Amino acid sequence: HVQLVESGGGSVQAGGSMTLACSTSEYTYKSNCLAWFRQAPGKEREGVAAIYTRAGFTQYADSVKGRFTISLENAKRTVYLQMNSLKPEDTAMYYCAADRYCTGRGHLLLLAEYTEWGQGTQVTVS
C-alpha cells in the first residue's frame, strides 16, 4: 500500500539546521524516485531534492544546492532531508513524494510525475 509519513518539522532560527524524515511503506520505498517538495503560502509547490533510488543519483533545486542533502536509510525505509544554513525563504510545508517509474534521466523534480504524497510537515525559519 502507499504510505509516506513526514516528521521532523518545526521552528528554527535562520542559520540553523533541521532534518526531515519520511517513513514509507515497503511498496512505496520500491519507487524509482523519492523526493521532497515544498509549498509556501500563496506559492506553487516546488521541487527541493530528489533521489533515484536504483543508483543513488540526486538532484537539487538551485535554491538549496550546497545546503540541503537528501539520503536514504534502507533498513528503516526512510528518506531524509538534511537542511543546513536555513533561511527565512525556506519556510514552507514540506512534502515527501514518490515517482514509481522515473528513469533517473533528465529533470527529477517534475511535480506532475509524482503520484504518491505524504501529508506534509511545516518548517518555519525566522
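Counting begins at 1 with the first residue of the sequence. Source: prediction; values computed, not measured.
- Glu113 places no side-chain N or O within 3.5 Å of a backbone atom of Arg100 that could act as its donor or acceptor partner.
- In terms of heavy atoms, Leu108 sits closest to Cys33 at CD2-SG, 4.2 Å.
- Atom SG of Cys102 and atom CG of Asn32 lie 5.0 Å apart (nearest 0.5 Å).
- Without hydrogens or angle criteria, Ser23 side chain to Val5 main chain gives no donor-acceptor distance under 3.5 Å.
- Taking both residues in full, the closest heavy atoms of Ser31 and Ala98 are given as OG-CB, 3.6 Å, listed atom of the first, atom of the second, then distance.
- Residues in residues 102-123 take part in these ring pair (Phe, Tyr, Trp, His ring centres under 6.0 Å) pairs, two or more places apart or across chains: Phe37-Tyr114, Phe37-Trp117.
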Hey, mind stepping through Gln82 and Ser17 against side-chain contact (heavy atoms from CB on, under 4.5 Å) and telling me if it holds?
-> CA-CA 8 Å; Gln82 172 68 42; Ser17 299; 4.0 Å; yes
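- Thr121 contributes no side-chain N or O that, together with a main-chain N or O of Glu6, makes up a donor-acceptor pair within less than 3.5 Å.
- In summary, the side chains of Gln3 and Thr28 do not present any donor paired with an acceptor at a separation below 3.5 Å, with no hydrogens or angles considered.
- Within the model, atoms NZ of Lys43 and CE of Met93 stand 15.5 Å from one another, a figure rounded to the nearest 0.5 Å.
- When side chains are defined from C-beta on, Gln39 does not count as touching Glu46, because their heavy atoms never get closer than 4.5 Å.
- Pairs passing the salt bridge (Lys or Arg N to Asp or Glu O under 4.0 Å) check and including a residue from residues 63-85, sequence neighbours excluded, read Asp62-Lys65, Arg67-Asp90.
- In this structure, Val12 shares a hydrophobic cluster with Met18, Leu20, Tyr29, Leu34, Trp36, Val48, Ile51, Tyr60, Val64, Phe68, Ile70, Leu72, Val79, Leu81, Met83, Leu86, Tyr94, Val123, Val125, the cluster being traced through Ile, Leu, Val, Met, Phe, Trp and Tyr side chains under 4.5 angstrom apart.
- At least one cation-pi condition fails for Arg38 and Tyr95: the charged atom is not both under 6.0 angstrom from the six-membered ring centre and inside a 45 degree cone around its axis.
- Enclosure of atom CD in Glu44 is not indicated, since only 12 or fewer non-hydrogen atoms of other residues, nucleotides or ligands lie within 6.0 angstrom.
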Please test Thr103 against Tyr52 for side-chain contact (heavy atoms from CB on, under 4.5 Å), starting from the C-alpha separation and ending with a verdict.
-> CA-CA 8 Å; Thr103 63; Tyr52 180 59; 5.6 Å; no
